[in-house]
Visitor: 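Quick one: the structure is below, questions incoming.
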Amino acid sequence: MRNHIRFILGNETIELRDIDPTMTVLDWLRLEKTRAGTKEGCAEGDCGACTVVIARPENGRLSYRAVNGCILFMPMLDGCQLLTVEDLKSPDGALHAVQQSMVDCHGSQCGFCTPGFVMSLFALYRNEENPSDQRIDDVLAGNLCRCTGYAPIAAAAKRMYDEGPATNDRFASQEADMVARLKALEDTETLCIEAEGRRLYAPATLDGLADVLTETPEARIVAGGTDVGLWVTKQLRDIAPAVLIGRITELRRIEETDAAITIGAGVTYDEASSVIAAHYPDFGELIRRIGGQQVRNMGTIGGNIANGSPIGDSPPALIAAGATLGLRRGSERRTMALEDFFIDYGKQDRRPGEFVENVVLPKPEPGTHYRCYKISKRFDQDISAACGAFWLKLDGDVVAGIRIAFGGMAATPKRAAATEAALMDNPWTEETVEAALAAMEQDYTPLTDWRASARYRMTVAKNLLRKFHAETSGPAMPIRLVGEGRLTHA
Amino acid sequence: MRDDVRDNIKAERITGGVRESLRHDSAHKHVSGEAVYIDDMPAPAGMLHAYPGLSERAHARIVSMDLSKVRAAPGVVAVLTAADVPGVNDISPTARHDEPVFADGLVQFHGQVIFAVVAENRAQARRAARLAAVEYEDLPAVLDIAAAREKGEFVTEPLTLTRGDAPAAIASAPHRIAGRMAIGGQEHFYLESQIAMAIPGEDDEVLVYASTQHPTEIQHMVSHVLGAPSNAVTVEIRRMGGAFGGKETQGNLFAAIAALGAKKTGRAVKFRPDRDDDMIITGKRHDFEADYSAGFDDDGRIAGVEFTVAARCGFSADLSGPITDRALFHADNAYYYDAAHMNSLPFKTNTCSNTAFRGFGGPQGMVAGERVMEEIAYALGKDPLEVRKANFYGGPGRDVTPYHQTVEDCVVGEVVEQLETKADYWVRRAAIREFNANNRHVRRGLALTPVKFGISFTATQFNQAGALVHVYTDGTIHLNHGGTEMGQGLFTKVAQVVAEEFQVDIDKVRISATTTGKVPNTSATAASAGSDLNGMAAQAASRTIKTRLIEFAAEHWQTPRERITFLPNRVRIGDEEVPFPTLVKAAYNARVSLSSTGFYKTPKIHWDRSTGRGRPFYYFGYGAAASEVTVDLLTGEYRVDRVDILHDVGRSLNPAIDIGQIEGGFVQGMGWLTTEELWWDDAGRLRTHAPSTYKIPACGDRPKIFNVELLAGATNREETIYRSKAVGEPPLMLAISVLHALSDAVASVADYKICPRLDPPATPERILDAIERLNKASRGETA
């Protein structure tokens, strides 16, 4: 076991031992390193003022990811380069292209959110060229600005490429060297950080994880930390002993066969989105709207399932697609239909010491239809009031298979069994749909809360079935407001 | 005031003079993380951290409070309660003594501060603050306006405005409408939370760094709470990370507790609440219910109108008096009411004490006024824009407001006419009707609404400002004034004024932190008046020094005064040109004072609240916006497709900053009217207390097409600083066009025959409700 964290801050290699393993990167930067450029706006990963960038070797290059420093635990930095707003200026004091572009476009007013925007833009600048307007909005969805109204910031996101190509900046010339330095930090030892009575493990292999969980079955499994981070920053909960799965390569894999896509429990939303979108465009569109880019860069589909939240967006989408879940304890593995994992509010079919290993998403068969709808007050980076996913198999015009799953409508992500029964074996017509709607009230008894009233949730759930029907029958018509397929469907 | 700046500009021009689109003075520091906010300042040795303990009841007597576990917690140095206040346990900004620092025996809202922990670090203070054992005896809680109407208790005196005989005019009019509108509140969501850091000094002295729009008030509150004179307390602020009115009075609590902790422990104390606690503790934009009735003719022209606006003020008065007054001052928006009767009902409730927020009640009044226009349009089957235009101020006998101020500077007709063309309103109106007739699930809407907003504090005494300017012997200038920088670019604009006055490049003017030690007795940076007031004060200070320099030069160079001209970075004295630093050095050697204060008070204004008459506003700012939206009829979701804005800022001091204020204000107003929903549960707990639950606009919500222009050829008929106009608040209300565009889209489901009465915030749920209501009504069912 290794008892210290190793990473590179800017250009400086850092080794930390005896550090509180649940200290956040934001607190470490501000309190220990007096790097005060990175701000705390909300301490829950929603405003992006704390955005920092972590770089990791990927296929011989560095991949840059904007993340929320406020809910990132220090051991999560192991093996990474951490870049903060202080790292961007050249040694001669010149602003980086991203910074200069923000200045030129009048992209800051009060300036408090600005370092976070700069870092999100920096990751974009390093990773991509010529982002579309939609892509810019998506990358900035996790950064809130209350002053500018965003137009000048979005303009800066275009203009930054005119300041000079990303292939020419200081980070490009240092890339090969940084990849080598980071590679040299890699090992297969389990990391074990302990201080102030808190212990956290970060195994590098699946076997290492199985070992930790066999010895410490009560250990809290933490993937991206985008939910558990808030237990620490908001509820002041002690989550130790905990085990991080982010270093485990086997869990970060996506495997594709002719029939299915297997997504490891450590795969982030961002990593999964393109392969999912290729087969289930609407599921891809749903992922585009989960959290901000920072959350999609850390949060995992496995974590979204394992924490059992009734308002997670990926479970209904996966259930409708007919996904199965793979669980493992020690060397013992089992699989189940994903919907069976969710037993009740806060209760899942996961035994002590057992962990989610993967989720298997079957590829769509020809002649099937699939749609997801996320309903929230704000399109981007909002938790759903209701999230509905629909899968339909038609035999001619008759419903030969139907799966409807909702989040936000019950204590767990849940199938609409009665509604499905009312639709099954009937012609896929407006009349059938209208007749089936009443069954929705047997399936769900939603709650009223700050996201929506019970009445709205029920009304919108019914209307989404109508929408699904409209989108899968008859002529194309304007029906979507956002995303790639906006305003028309085929 | 002279308005001859252009005469000084020959071929050469200084950099950073007035009218230049200079970038924000701190822009390069914002983007590099080098701009220092209070939480970023190096900590004084031994600094402690304060954290509050909050009430867990909306209204209750405290039966007992056991803080022994709090005191015993790791790192705790002190615990502060009402008993530890050496001065007065009150931070009411209006001297009503209705707002304690620490609740003393009685809690009046869920989240009220009862005590504070002071500990070695912030995490320890936060943990300790959760260990209190408080026993409550619940009292009946008044949580909303409906309950407040029953209880009938006010936090401050209501206002009545009367002009003509409105009931009679309504009764005798050919047509009438009446209704009630609920208008949601709004959280400021400044990105930098409230914060204060207090450093104890000698004797009774204390230095407080506070994120505040009103350092002088912080000074007074700290002084009262400590029982120390004002001259013992110095308050300083270089910049805030956003404020929007939320740091006009709401910083008092944090500064008072930090100062108390500092004097009690003899060590520096910083107090920064977590975002959730900030949102729970501090006041917000007031939610309102507005009752309206109007009588009008066949053209939609109003004969008489009545408004009664009820506001949820919270447990204390704070600024609710002037806020509810301003709601009445703006219920006319840009429209002439031949007869008007208006009342405010500033209700006391057991919720956080609502406060200033960009617009200061004006938006709520205006949105109610615009509802009346909409109702009239539906009643007559007219386009709402026609009704609006029929009612604009202007023309003989149509220029007096319900508060008896004559509107002398109305350009709303011109603004709206230009915008109609720029936005192609009527062509798009027809295209949208066509689109809607052919689409079942998605509908579009369009609306063009005007803004007229009164500039000045309605409390006349606040319309004063001071500045302090030093010229050093190297020709560089130190600038200080009573205004505070919260991102709005005030410091940049005032520095531009000083650069222009001395004709030196802007980089010769050093901007400095606002501090009560340099400029005393200041007003809040609020009411959009920051550059109007402080710009004039800085100009006055500059001119005093300039006059001394001219006097000196005339004597020293034996040249008539009229032959002395300030040219860019130099001064022409007769036929000679002298670099500015040379003149300054020579003046110093001749023992000329190179430092001056400057003072300004807004002329012409007066207001008699008891009679509801006067001229509360020096002038008005105008603008108009046309918004187009698309609504999903199945879900109530919507998107803002295009916005065109034309706004009057007079002769702009800095067009780039003004456009930034307009765009930012618009999007903030759009948030208020659309996705930003405050939600309290039955126990009076605010459940939308973080960005995860309270949704301000995100990047993707901004209008996809966003055309913003300043009114060309505009000026200010009053003698404001370089004839500019205030810009902070008015643009927020341009977003009313979004609410009305949404309403227009919804109305399509009943063939535009029924006024949708869409109340803000128009969340997807509210939109779908309205759609269902109109669907039912058009099918002949009862709504």
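Reckoned from all heavy atoms, side chains included, excluding hydrogens, waters and symmetry mates. Proteins get letters first, then strands, A, B, ... in listed order; numbering begins at 1 in each.
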Visitor: Can A:Ser108 and B:His30 be counted as having a side-chain donor-acceptor contact under 3.5 angstrom?
Guide: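 Result is yes, a qualifying pair exists.
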Visitor: Looking only at heavy atoms, what is the nearest atom pair of B:Phe244 and A:Cys147, with distance?
Guide: CZ-SG, 3.7 Å
Visitor: Can you say whether B:Glu663 sits under 4.5 Å from chain A via the side chain, the backbone, both, or neither, judging by heavy atoms?
Guide: both
Visitor: Can you tell me if A:Tyr150 uses its side chain to pair, donor with acceptor, with the backbone of B:Pro697 under 3.5 Å?
Guide: yes
Visitor: Minimum heavy-atom separation for B:Tyr638 and A:Phe379, please, with both atom names.
Guide: O-CE1, 2.9 Å
Visitor: Verify salt bridge (charged side-chain N to carboxylate O under 4.0 Å, His left out) between A:Arg30 and B:Asp40, making sure each step is shown before the conclusion.
Guide: CA-CA 8 Å; A:Arg30 292 186 60 85; B:Asp40 306 337; 2.6 Å; yes
Visitor: Side chains of B:Arg275 and A:Lys234, heavy atoms from C-beta outward: is any pair under 4.5 Å?
Guide: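 B:Arg275 vs A:Lys234: side chains touch.
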Visitor: Using non-hydrogen atoms only, which part of B:Ile696 is less than 4.5 Å away from chain A: side chain, backbone, both, or neither?
Guide: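 Both backbone and side chain of B:Ile696 come within 4.5 Å of chain A.
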Visitor: Show the numbers, then the answer: is there a side chain to side chain contact (heavy atoms under 4.5 Å, CB included) between B:Glu772 and A:Thr459?
Guide: CA-CA 10 Å; B:Glu772 295 217 304; A:Thr459 307; 3.4 Å; yes
Visitor: Can you see which heavy atom on B:Gly33 is nearest to which on A:Val85, and at what distance?
Guide: CA-CG1, 3.8 Å
Visitor: With a 4.5 angstrom heavy-atom cut-off, could you sort out which part of A:Leu31 is near chain B: side chain, backbone, both or neither?
Guide: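 Interface part for A:Leu31: neither.
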Visitor: Can you tell me how far the CD atom of B:Glu765 sits from the CD1 atom of A:Ile375, to the nearest 0.5 Å?
Guide: 12.0 Å
Visitor: Mind listing the closest non-hydrogen atom pair of B:Thr763 and A:Lys377 along with its distance?
Guide: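 Scanning both residues, the minimum pair turns out to be CG2-CD, 4.3 Å.
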Visitor: Please tell me if the side chains of B:Pro691 and A:Glu44 come closer than 4.5 Å, counting only heavy atoms from C-beta onward.
Guide: yes
Visitor: Is it true that B:Ser32 and A:Gln99 share a donor-acceptor pair across their side chains at a distance under 3.5 Å?
Guide: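 Short answer, no.
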Visitor: Below 4.5 Å from any heavy atom of chain B, which atoms of A:Lys89 appear? Answer side chain, backbone, both or neither.
Guide: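 It is the side chain, since no backbone atom gets that close.
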Visitor: With only heavy atoms counted, which part of A:Ala43 is less than 4.5 Å from chain B, the side chain, the backbone, both or neither?
Guide: side chain
Visitor: Where does A:Ser376 contact chain B at under 4.5 Å (heavy atoms): side chain, backbone, both or neither?
Guide: backbone
Visitor: Against chain B, label A:Thr84 side chain, backbone, both or neither, depending on which of its atoms sit under 4.5 Å from a heavy atom there.
Guide: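 Contact with chain B: none, neither part.
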Visitor: Is chain A contacted by the side chain of B:Asp681, its backbone, both, or neither, given a heavy-atom distance below 4.5 Å?
Guide: neither
Visitor: Among A:Ala452, A:Pro115, A:Cys47, A:Gly149, which has the most heavy-atom pairs under 4.5 Å with chain B?
Guide: A:Gly149
Visitor: Considering only heavy atoms, which portion of B:Thr688 lies under 4.5 Å from any heavy atom of chain A: side chain, backbone, both, or neither?
Guide: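 It is the side chain, since no backbone atom gets that close.
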Visitor: Which region of A:Leu236, side chain (C-beta onward) or backbone (N, CA, C, O), has a non-hydrogen atom less than 4.5 Å from a non-hydrogen atom of chain B, or is it both or neither?
Guide: both
Visitor: Looking at B:Arg23 and A:Asp104, does any basic side-chain N land under 4.0 Å from a carboxylate oxygen?
Guide: no
Visitor: For the atom pair NE2 (B:His441) and CZ (A:Arg480), what is the distance rounded to the nearest 0.5 Å?
Guide: 12.0 Å
Visitor: Heavy-atom distance under 4.5 Å to chain A: side chain of B:Leu686, backbone, both or neither?
Guide: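 Neither part.
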Visitor: Measure the CD-CG distance between A:Gln235 and B:Asp276 for me, rounded to the nearest 0.5 Å.
Guide: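 So the CD of A:Gln235 and the CG of B:Asp276 are separated by 10.5 Å.
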Visitor: Check whether B:Ala690 gets within reach of chain A through its side chain, its backbone, both or neither, counting any heavy atom under 4.5 Å.
Guide: both
Visitor: Looking at B:Leu22 and A:His106, what are the two nearest heavy atoms and their distance?
Guide: O-CE1, 3.9 Å
Visitor: Looking at side-chain heavy atoms only, is the closest gap between A:Glu40 and B:Asp39 below 4.5 Å?
Guide: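 Heavy-atom side-chain distance check fails, nothing below 4.5 Å.
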Visitor: If you define the side chain from C-beta out and look only at heavy atoms, does anything of A:Leu144 sit under 4.5 Å from B:Phe189?
Guide: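 Side-chain contact under 4.5 Å: yes.
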Visitor: Do NZ/NE/NH1/NH2 and the carboxylate oxygens of B:Asp769 and A:Arg455 come within less than 4.0 Å?
Guide: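 Looking at B:Asp769 and A:Arg455, the cut-off is met.
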Visitor: I'd like to know whether B:Thr635 forms a side chain to side chain contact (heavy atoms under 4.5 Å, CB included) with A:Asn463, so could you lay out the CA-CA distance, the side-chain angles of the two residues, the decisive distance to 0.1 Å, and finally the verdict.
Guide: CA-CA 7 Å; B:Thr635 62; A:Asn463 282 356; 5.5 Å; no
Visitor: May I ask you to decide whether B:Glu676 forms a salt bridge with A:Arg146, counting only side-chain N to carboxylate O separations under 4.0 Å?
Guide: yes
Visitor: What part of B:Asp701 gets within 4.5 angstrom of chain A, counting heavy atoms only: side chain, backbone, both, or neither?
Guide: side chain
Visitor: For A:Arg35, is it the side chain, the backbone, both, or neither that has a heavy atom closer than 4.5 Å to a heavy atom of chain B?
Guide: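 Contact with chain B is absent: no heavy atom of A:Arg35 under 4.5 Å.
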Visitor: In plain terms, say whether B:Arg440 and A:Glu430 are close enough for a salt bridge, that is, a side-chain N and a carboxylate O under 4.0 Å apart.
Guide: yes
Visitor: With a 4.5 angstrom heavy-atom cut-off, is it the side chain or the backbone of A:Thr148 that approaches chain B, or both, or neither?
Guide: backbone
Visitor: Taking it one step at a time, do A:Asp46 and B:Lys695 satisfy side chain to side chain contact (heavy atoms under 4.5 Å, CB included)?
Guide: CA-CA 10 Å; A:Asp46 256 275; B:Lys695 310 313 284 188; 3.8 Å; yes
Visitor: What part of B:Val667 gets within 4.5 angstrom of chain A, counting heavy atoms only: side chain, backbone, both, or neither?
Guide: side chain
Visitor: Out of B:Ser692, B:Gly636, B:Gly660, B:Gly664, which one racks up the most heavy-atom pairs below 4.5 Å with chain A?
Guide: B:Ser692
